[in-house]
Structure formats: C-alpha cells, structure tokens
Amino acid sequence: MFGTVWMVTLALMPALVGETINRAFARGDEPDLGAAGLGCAGILALGVVHHLSGTLRHRFSESSARTAGIRTILVLTRKIAALGSALPAHADTSAVVSVVTADIVPIGDFVRMAGRAVGALVSFVTVGGLLLGTSLPLGIIVLVGMPALTLSVGPLLRPLHRRQDAHRAVLSDLGKHTVDLAYGLRVLRGIGAERVFARRYREHSQRARAAGERLARVETLADLAQVLLPGLFTVLTLWLAARLAFAGTIAPGDLVTLYGLAGFLVLPIQTATELVDKTAKGLVAARRVVDLLAAPPGGPAEGLPVPGRPSAGGVELADPASGLVARSGEMTVVRVDDTEAGADLADRIGGYTESAVTLRGVPVTRLATPALRRTVLVVDSRTELFAGVLRDELDPGGRHDDARIRAVLDAVCATDIIDALPEGVNSRIGPRGYAFSGGQRHRLVLARALLTDVDVLVLVEPTCAVDAHTEAEMARRLSQVRGGATVVVVTSGRAFDTFADAVLRQSDGTGMEADR
C-alpha cells in the first residue's frame with residue numbers, strides 16, 4: 001500500500017505542475033496568482049504525502065525482508081533438527097552454513113522489492129492514463145514500449161541463472177576447503193602438509209574468482225539495461241512531446257507534464273529490470289533452500305509409540321540378523337573383530353539404517369523417530385561437541401545437580417579435564433571442542449551420553465582413545481553410574497567383560513555367539 005502511494009504521488013507530481021502552469025497562464029500574459037498559489041499548495045501537500053509514504057514503505061520493506069530471512073532460517077533449522085543423523089547424506093556442514101548465511105539475503109531482497117514492484121505497476125498504469133489524456137500517440141507509445149523494454153531483459157535471465165548457480169557451487173566448494181583448513185591446521189602442521197593445502201586453497205580461490213568474473217559480465221549487462229533502456233525511452237518521449245508543442249497540439253503546461261512523466265518513467269522501468277535481476281537471484285537461492293527442505297527424513301516423524309519398558313531381565317533389544325539379545329537393565333558387551341561391522345550393528349540398533357531390530361518387541365523402523373531418539377542413544381567417535389558453556393553441553397536440559405555431573409565425569413575419568421579449566425564446568429568451549437585432545441573430547445561426549453538418562457545406551461568403542469589403565473577404570477566406574485539403563489557396549493577390547501551381565505562375540509560380521 002505504501003509503495004503504491006509513494007510511487008503514484010511521485011507520478012502525479014508532473015501532472016499537477018503542468019496543470020498549475022496551464023491554469024496560471026490561461027488568460028494569456030497576465031498570470032492568475034490565485035490559481036498558481038492553489039496549485040503550489042497542492043504540490044506541497046502531494047510532496048508531504050510522498051515523503052511520508054516513502055518512509056513507511058522503506059520501513060515495512062526492510063522489516064519484510066528481514067522477516068523473510070529469519071523465517072527461512074527457522075524453517076531450515078527445524079528441518080535440520082528433524083533430519084538429525086540423516087543430514088550428512090544430503091548436505092555437508094559448509095553447504096548448510098552457506099544456505100543459512102548466504103541464500104537468505106537474495107530471498108529477502110526479492111521480498112524487499114514487493115512494495116516497489118506493485119507501486120511501479122500501479123504508477124505505470126496511472127502515467128499511461130495521464131499520457132493518453134494529454135496525447136493519445138504518446139500514451140500508446142508508452143503503454144506499448146514500456147512492457148517491450150522490460151521483456152527485452154528476458155534473454156539475460158538464463159545465462160544469469162546458470163552463472164549464479166555455478167558461482168554458488170564454487171563458493172560452497174571453497175567454503176568446505178576453508179573449514180577443513182581451519183579445523184585441521186594443527187594436524188597439517190604436524191605432518192608438514194600446510195603448504196599443499198594452501199596451494200589447493202589458492203586453486204579453489206582462483207576458480208571462485210573466475211566464476212565471479214563470469215557472473216559479473218552478465219550482471220553488468222543487466223545493470224547497463226537498467227540505465228540505457230530508460231534513457232533511450234525518455235529521449236524518445238521528449239522528442240515527440242517537443243514536436244507536438246512546437247506544432248501547437250499541446251499547451252506549454254502539457255509539455256512540462258510530458259517531460260516530467262517521461263523522466264518519472266525511468267523509475268518504474270529501472271524497478272522492473274531490477275525486479276528481474278532480484279527474481280533470478282532469489283530463484284537460485286530458493287532452489288537451494290527447497291533442495292534441503294525436500295531431503296527425506298532419517299525415519300518416520302509419525303509412527304508407533306515406544307512400548308513401556310519390560311521388567312528387569314526382559315528382552316529390551318533383539319537383532320535377528322546377528323542374534324543379539326539385550327535384556328532390560330543389563331550391560332551387554334559385544335566383542336567384534338571388525339570395527340565397521342560393530343558400527344553397522346549400532347546403526348541398526350539406533351534405527352539409522354533399515355533392519356529387523358526390535359525394541360521391546362516392535363521393529364525400530366516402525367517407531368516414531370523422535371520417540372525412538374528419546375529412548376535409544378548411540379554414541380560413537382563421530383559425535384561432536386558444540387561451542388558454548390561446557391555445563392550446558394554436558395546437561396542441555398539442566399536436569400542434574402553438580403554432584404551428579406561430578407559423579408558422571410569421575411566415571412569417565414574426566415575430572416582432570418574439568419579441573420584444568422579456569423571455571424570448571426562453567427567454562428566456555430570453542431566449536432567442536434577444538435581445545436581438547438581427541439581422548440578428552442571422547443570422554444566428555446561419553447559423560448554427556450550418560451547424563452541424558454535414556455533407557456537404552458549403545459556405546460561404540462567408548463574407550464578407544466584412552467590408555468589401558470584409564471580404560472580399565474572407565475569400565476569399572478561406568479558399570480556403577482549407569483543406573484538402571486540397558487547398556488550395549490560394542491568394542492574390540494576386553495576391559496568391560498568383567499563388569500558385563502553378558503558377553504557376546506561377533507567374529508564374522510554377522511553371526512553372534514555367547515562368549516561367557
């Protein structure tokens with residue numbers, strides 16, 4: 001609404017100026033001061049309305065653009081959370097970050113254009129009517145020429161789309177390389193490979209520069225069209241208006257009106273060509289957002305509820321493919337020779353892959369994914385730490401007191417890690433816990449898993465990053481702090497055998513036999 005008022009009042013300004021001139025000199029050489037004063041008052045009022053509506057249009061346009069961006073981020077965040085473990089199969093970290101940070105800008109720019117685009121359309125119709133009323137030939141030229149000039153920018157759309165897609169793909173690839181370089185710098189220096197990666201980064205950077213230059217060539221043509229086409233159109237309109245004025249077909253005030261309207265037409269034409277450009281960029285960004293939103297979830301969002309927990313000693317988990325049976329409240333150790341086979345078993349138990357595994361007699365593939373995730377937690381070496389306060393990282397729900405957190409940290413032999421931090425568990429940690437060693441991160445992740453208090457906890461090589469003495473201590477202490485949870489430990493070692501209720505051995509990657 002404000003965009004329409006803003007642009008229509010600007011379009012009416014030349015017409016009011018021309019009408020004021022015609023009325024002021026309607027009696028010949030003697031000016032009519034009353035008519036001139038009344039016309040000037042109308043011009044002033046029109047200018048005030050124009051500036052007020054322009055201010056409000058800008059405010060609402062900016063608000064709409066930012067709202068569009070934020071809502072896009074919210075929708076994407078919900079989708080990413082729903083995908084969970086299935087996300088890496090559809091997009092890597094840098095691609096997701098690129099969508100959330102870069103693609104919301106052109107989407108917001110497109111929304112920002114709405115007020116101006118509607119105002120340009122309404123003002124074009126208004127100006128067309130004024131021109132037809134002033135001079136029929138000129139009105140027809142404007143009504144036909146304006147759409148023709150706008151449509152002439154159409155051939156630029158396809159190459160613009162193609163090069164924008166290529167540029168975004170190269171930038172995403174560069175982002176991946178940057179993330180790898182930043183997080184792996186310590187390792188690269190350790191093996192002396194930083195020069196190799198630096199050279200690769202330069203190569204990726206140069207490809208991004210070349211793609212940006214190719215895109216800039218098409219964008220330059222679009223910018224040229226926004227200046228050249230309105231200029232040519234204005235010159236043509238003024239030339240025809242001047243000829244009509246010299247021929248006496250129109251009055252001097254009408255010439256001023258035509259001149260002002262011709263100059264005003266630059267604005268809607270530029271708005272139309274800019275809309276084409278913003279639409280092209282917005283479509284590229286929206287396509288990337290929609291591709292991520294279209295990713296299938298890792299499991300059914302709606303399904304069967306998780307049945308109630310069986311009594312102690314009842315069957316909690318069963319995997320017909322391997323013969324695994326885990327009983328409620330017990331610790332079951334599965335010793336494997338092939339670590340990949342062990343990881344596959346954990347993925348089947350957690351419902352991350354198709355399988356015949358049952359939880360309390362119901363196939364995990366038929367259970368609602370959110371409910372399954374609240375019941376079964378799989379912890380392996382791929383689990384990450386996040387930036388923020390360590391206490392919030394270990395106990396996101398804030399359900400445990402200091403004593404419980406300390407007990408769990410002691411169980412995973414991580415109290416030395418906490419004691420070395422300046423503020424203990426209230427210290428802030430960086431992304432991915434980069435300040436910790438691999439073994440320290442692994443123990444903190446294990447502590448977080450124990451503090452979730454899930455019914456079924458699946459641990460894949462929980463002590464692989466510690467020495468033999470610490471491994472034996474962790475095995476002993478974990479059996480004491482797990483409470484009544486059902487624990488399945490998938491490991492290639494023997495540290496947990498002494499404290500387990502059942503020990504199974506999987507030697508061929510499929511079948512399983514009791515080892516104790």
Side-chain angles (χ1 to χ4, degrees), residues 309 312-319 321-352 355 357 359 364 375-383 407-414 438-439 441-516:
R309 193 171 187 185
V315 176
E316 183 103 58
L317 277 171
D319 178 24
S322 64
L324 168 67
V325 175
R327 301 190 177 278
S328 177
E330 296 184 356
M331 176 187 287
T332 302
V333 173
V334 179
R335 254 193 288 116
V336 294
D337 296 330
D338 184 356
T339 55
E340 291 187 5
D344 291 341
L345 172 63
D347 286 342
R348 294 200 303 273
I349 295 174
Y352 296 108
S355 70
V357 173
L359 174 65
V364 294
T375 306
V376 180
L377 177 61
V378 177
V379 183
D380 57 24
S381 58
R382 296 171 293 182
T383 309
V408 170
L409 289 170
D410 182 67
V412 297
C413 299
R441 284 197 299 269
H442 203 72
R443 281 178 279 168
L444 291 174
V445 166
L446 187 57
R448 180 179 61 188
L450 291 169
L451 288 169
T452 56
D453 294 333
V454 294
D455 292 344
V456 181
L457 188 60
V458 183
L459 307 178
V460 182
E461 296 290 1
T463 57
C464 64
V466 298
D467 57 72
H469 173 72
T470 305
E471 180 182 23
E473 278 297 305
M474 289 177 62
R476 180 181 66 82
R477 297 177 187 181
L478 280 174
S479 64
Q480 298 173 354
V481 301
R482 64 185 176 89
T486 301
V487 179
V488 177
V489 181
V490 181
T491 179
S492 57
R494 294 177 175 271
F496 287 87
D497 290 5
T498 305
F499 311 100
D501 297 290
V503 180
L504 305 175
R505 180 176 176 81
Q506 186 180 27
S507 57
D508 58 357
T510 55
M512 194 170 296
E513 58 185 17
D515 195 54
R516 195 192 65 185

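L345 is listed as a side-chain neighbour of S322, based on a closest heavy-atom distance under 4.5 Å. You'll find the side chain of T332 stays beyond 4.5 Å of the side chain of V489, heavy atoms only. A 4.5 Å side-chain heavy-atom check between E316 and L359 finds at least one atom pair inside the cut-off. With a 4.5 Å cut-off on side-chain heavy atoms, V379 and V460 do not count as touching. For the pair V412 and L450, the minimum side-chain heavy-atom distance is below 4.5 Å. Between D497 and R494, some side-chain heavy-atom pair lies under the 4.5 Å cut-off.
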inquiry  = Could you walk me through whether R448 and V445 satisfy the side chain to side chain contact (heavy atoms under 4.5 Å, CB included) test, starting with their C-alpha distance in whole Å, then the side-chain angles of each, then the deciding distance to 0.1 Å, before giving a yes or no?
reply    = CA-CA 5 Å; R448 180 179 61 188; V445 166; 4.0 Å; yes

task = Please step through side chain to side chain contact (heavy atoms under 4.5 Å, CB included) for the pair D319 and R348, ending with a clear verdict.
result = CA-CA 8 Å; D319 178 24; R348 294 200 303 273; 2.8 Å; yes

request  = Apply the test side chain to side chain contact (heavy atoms under 4.5 Å, CB included) to residues V376 and D455: give CA-CA distance (whole Å), side-chain angles for both, the deciding distance (0.1 Å), then the verdict.
outcome  = CA-CA 6 Å; V376 180; D455 292 344; over 6 Å; no

query = Yes or no on side chain to side chain contact (heavy atoms under 4.5 Å, CB included) for V336 and T491, after CA distance, side-chain angles and deciding distance?
reply = CA-CA 6 Å; V336 294; T491 179; over 6 Å; no

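Separation of atoms OG1 (T452) and CG (L457) is listed at 6.0 Å; rounding is to 0.5 Å. Put simply, SG on C413 and NE2 on H469 are 7.5 Å apart, with the number rounded to the nearest 0.5 Å. Note that the CE atom of M474 and the CZ atom of F496 stand 6.5 Å from one another [nearest 0.5 Å]. Considering CG of L459 and CG of L478, their distance stands at 7.0 Å, rounded to 0.5 Å.
What you find for V378 and A346 is that their closest heavy atoms are CG2-O, 3.7 Å. Nearest approach of A495 to A475, heavy atoms of both residues: O-CB, 3.4 Å. For the residue pair G493 and R335, the shortest heavy atom distance occurs at O-CD, 3.0 Å.
Counting only distance, with no hydrogens or angles, the side chain of H442 and the backbone of E461 share a donor-acceptor pair below 3.5 Å. For the pair R477 (side chain) and D410 (backbone), a donor-acceptor distance under 3.5 Å is present.
Of the candidates L317, V364, V490, L317 is the only one forming a side-chain contact (heavy atoms from CB on, under 4.5 Å) with I349.
Between E473 and R476 there is a salt bridge, since a side-chain N of the basic residue sits under 4.0 Å from a carboxylate O of the acidic one.
A donor atom on one side chain and an acceptor atom on the other are found under 3.5 Å apart for R309 and T486.
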